[in-house]
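Quick notes on the structure that follows.
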Amino acid sequence: MSDGEAGARARDGGADAEDESEPDYRFSLANERTFLAYLRTGLALGAAGIAAAQFLTDVEPGWLKRVIAIVLAVAGVATSVGAYYRWRRTLIAMRRGAPLPRTLLPLGLALAVLVVLVLGVYLITFG
């Protein structure tokens, strides 16, 4: 194995060629669809963060608008980055025939949405 191949193997998780097999294409495509769904969610969260910063002009106190916008934007970035790592780890596990890795991405998304909704209820009630 050349140095370039060894480096590529190390980046892919260090598996030897004998340890990997091509998974059923349906599972690979399902993994890709999940990745794209997470990317759409990340994009929507980022766009909502920008919209909140731009259009919540009458919100008092002013910190509330910034917190809502920041939580949404950070959740969008984290979702996009997490989606790639989830996709890659799942692909490697499928090729090795290993159990699929656990992910905290849905929990993180749920918590981000919960924070924004609690702030929204606060805004509706007291704003």
Side-chain angles (χ1 to χ4, degrees):
M1 181 182 310
S2 72
D3 289 340
E5 290 176 65
R9 286 277 174 224
R11 284 190 302 274
D12 287 341
D16 292 334
E18 299 85 38
D19 293 343
E20 291 187 4
S21 62
E22 193 62 33
D24 185 336
Y25 72 91
R26 293 172 292 182
F27 299 125
S28 294
L29 293 174
N31 188 32
E32 188 174 317
R33 282 191 303 271
T34 303
F35 171 65
L36 293 172
Y38 275 121
L39 284 182
R40 284 191 304 270
T41 302
L43 180 61
L45 287 167
I50 292 169
Q54 200 62 31
F55 297 115
L56 292 179
T57 55
D58 295 336
V59 172
E60 291 298 329
W63 62 265
L64 186 58
K65 172 178 93 164
R66 286 188 297 280
V67 169
I68 291 172
I70 289 170
V71 167
L72 286 166
V74 168
V77 170
T79 300
S80 298
V81 171
Y84 171 75
Y85 286 109
R86 182 192 181 281
W87 168 81
R88 185 165 179 234
R89 289 176 47 220
T90 300
L91 182 64
I92 291 169
M94 287 190 308
R95 288 188 174 184
R96 292 180 178 167
L100 296 180
R102 296 183 188 268
T103 180
L104 294 176
L105 203 51
L107 176 62
L109 278 170
L111 290 174
V113 169
L114 176 67
V115 167
V116 170
L117 291 176
V118 166
L119 292 173
V121 168
Y122 174 85
L123 182 62
I124 292 168
T125 305
F126 301 108

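The structure presented is a predicted model; accordingly, all values stated were derived computationally and were not measured.
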To the closest 0.5 Å, what do you measure between [atom1] ([X]) and [atom2] ([Y])?
X: Phe55; Y: Thr57; atom1: CZ; atom2: OG1; value: 9.5 Å
X: Thr90; Y: Arg95; atom1: OG1; atom2: CZ; value: 12.5 Å
X: Glu60; Y: Leu123; atom1: CD; atom2: CG; value: 10.5 Å

Same apolar cluster: [X] and [Y], side chain cutoff 4.5 Å:
X: Leu39; Y: Val113; answer: no
X: Ile68; Y: Ile50; answer: no
X: Leu117; Y: Tyr122; answer: no
X: Leu105; Y: Leu114; answer: no
X: Trp87; Y: Leu43; answer: no

Side-chain donor-acceptor pairs under 3.5 Å in residues 71-84, sequence neighbours left out?
from  : atom 1 : to    : atom 2 : distance (Å)
Thr79 : OG1    : Ala75 : O      : 2.6
Ser80 : OG     : Gly76 : O      : 3.0

Revision key, fill the gap. Looking only at heavy atoms, the pair that brings Arg89 and Arg102 closest together is NH2-O, 3.1 Å
Revision key, fill the gap. Heavy atoms of Lys65 and Ala52 approach each other most closely as CG-O, 3.7 Å
Study note, to complete from the structure: Residues pairing under side-chain hydrogen bond (donor to acceptor under 3.5 Å, both in side chains) where one sits in residues 24-37, two or more places apart or in two chains, turn out to be Asp24-Arg26
Practice item. May I ask you to test the Tyr38-Leu109 pair for a side-chain heavy-atom distance under 4.5 Å? Key: yes
Review point. Checking side-chain contact (heavy atoms from CB on, under 4.5 Å) for the pair Val115/Leu119: CA distance, chi angles, key distance, verdict?
Key: CA-CA 6 Å; Val115 167; Leu119 292 173; 4.1 Å; yes
Exercise for review: Apply side chain to side chain contact (heavy atoms under 4.5 Å, CB included) to Leu104 and list each qualifying residue two or more places apart in sequence or on a separate chain.
Suggested key: Leu107
